[in-house]
S.K.: 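Quick one: the structure is below, questions incoming.
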Amino acid sequence: MKKDSRLFLRIGMILLGLLFIVKRSGVIHSALTLIAAILVFSAVFDFIKKQTSSGIVKGVIALAVMIFGWMFVELAFSLIAVLLLFYGIVQLVQTVRQKPKGYLPYAVPIFSLVAGCCLLFNQGGTVDWIFVVVGIVLIAEGILSLIRS
């Protein structure tokens with residue numbers, strides 16, 4: 001990778017991190033809108049090129065993303081929450097059966113249960129915190145990468 005493109009990637013990581021911190025879960029809405037707009041433009045170009053069937057498919061998908069996009073995101077978050085809860089329960093049962101010394105082996109199962117409950121019952125707030133944490137990590141990684149180069 002060229003030096004210029006690595007610099008661009010590092011600055012992009014920092015900017016993406018800032019975007020995640022500022023917009024939080026609004027990033028998802030913006031991404032869905034961007035995807036729908038790209039699909040609409042692509043469908044229009046397909047119609048211009050007389051590729052009607054491809055244009056219709058892209059137009060229908062764009063319409064579905066615009067209308068149902070957020071619902072699919074909420075459904076995906078609910079599924080992740082259920083999986084986290086299931087994982088936490090299974091891990092907690094296995095840990096209890098092993099009867100470990102100390103409390104540290106219980107940390108991951110309990111964290112999974114708490115994260116699953118938060119995501120299931122407070123999606124908006126939990127997703128906002130996740131985006132803030134990911135934004136901080138992206139900014140830190142971008143800055144550290146700039147310093148190392």
S.K.: In Å, rounded to the nearest 0.5 Å, how long is the span from CG of Leu15 to CD1 of Ile139?
M.R.: 9.0 Å

S.K.: Minimum heavy-atom separation for Gly116 to Ala81, with atom names?
M.R.: O-CB, 3.5 Å

S.K.: Where the side chain of Ser30 meets the backbone of Gly26, is there a donor-acceptor pair that is under 3.5 Å apart?
M.R.: yes

S.K.: Out of curiosity, Leu84 CG to Phe77 CZ, how far, rounded to the nearest 0.5 Å?
M.R.: 11.5 Å

S.K.: Report, as yes or no, whether the 6.0 Å neighbourhood of atom CG on Leu104 holds more than 12 heavy atoms from other residues, nucleotides or ligands.
M.R.: no

S.K.: Output, in order, the C-alpha distance, side-chain angles, deciding distance and verdict of side-chain contact (heavy atoms from CB on, under 4.5 Å) for Leu19 and Leu16.
M.R.: CA-CA 5 Å; Leu19 180 69; Leu16 185 62; 4.3 Å; yes

S.K.: To the nearest 0.5 Å, how far apart are CG in Leu63 and CG in Leu39?
M.R.: 11.0 Å

S.K.: Which heavy atom of Val65 sits nearest a heavy atom of Ala36, and at what distance?
M.R.: CG1-CB, 4.0 Å

S.K.: Quick one: OG on Ser145 to CD1 on Ile11, what's the gap to the nearest 0.5 Å?
M.R.: 10.5 Å

S.K.: Counting C-beta onward and ignoring hydrogens, is there a side-chain heavy-atom pair between Ser53 and Val57 closer than 4.5 Å?
M.R.: no

S.K.: Surrounding OH of Tyr87 (heavy atoms of other residues, nucleotides or ligands, distance under 6.0 Å), is the total greater than 12?
M.R.: no

S.K.: Identify the two heavy atoms, one from Pro105 and one from Pro109, that lie closest to each other, and give their separation to 0.1 Å.
M.R.: O-CD, 3.5 Å

S.K.: For the residue pair Val73 and Val127, establish whether any side-chain heavy-atom pair is separated by less than 4.5 Å.
M.R.: no

S.K.: Are Phe68 and Leu32 close enough, and set up right, to give a side-chain contact (heavy atoms from CB on, under 4.5 Å), and what steps lead you there?
M.R.: CA-CA 10 Å; Phe68 301 113; Leu32 288 172; over 6 Å; no

S.K.: Using a 4.5 Å cut-off on heavy atoms from C-beta on, say whether the side chain of Leu138 contacts that of Ile14.
M.R.: no

S.K.: Please say whether more than 12 non-hydrogen atoms of neighbouring residues, nucleotides or ligands are located less than 6.0 Å from CZ in Arg97.
M.R.: no

S.K.: Show the nearest heavy-atom pair for residues Gln123 and Glu74, with the distance to one decimal.
M.R.: NE2-O, 3.2 Å

S.K.: Can you tell me how far CG of Leu146 sits from CG of Leu7, rounded to the nearest 0.5 angstrom?
M.R.: 6.5 Å

S.K.: What residue pairs, at least two apart or across chains, pass ring pair (Phe, Tyr, Trp, His ring centres under 6.0 Å) with a residue in residues 90-115?
M.R.: none

S.K.: My understanding is that only residues two or more places apart in sequence, or in another chain, count here; which of them pass ring pair (Phe, Tyr, Trp, His ring centres under 6.0 Å) with Phe131?
M.R.: Phe20

S.K.: I'd like to check the side chain to side chain donor-acceptor pair (under 3.5 Å) partners of Gln91; sequence neighbours left out, ordered by chain and number.
M.R.: none

S.K.: How long is the gap from CG on Leu120 to CG on Leu79, to the nearest 0.5 Å?
M.R.: 11.0 Å

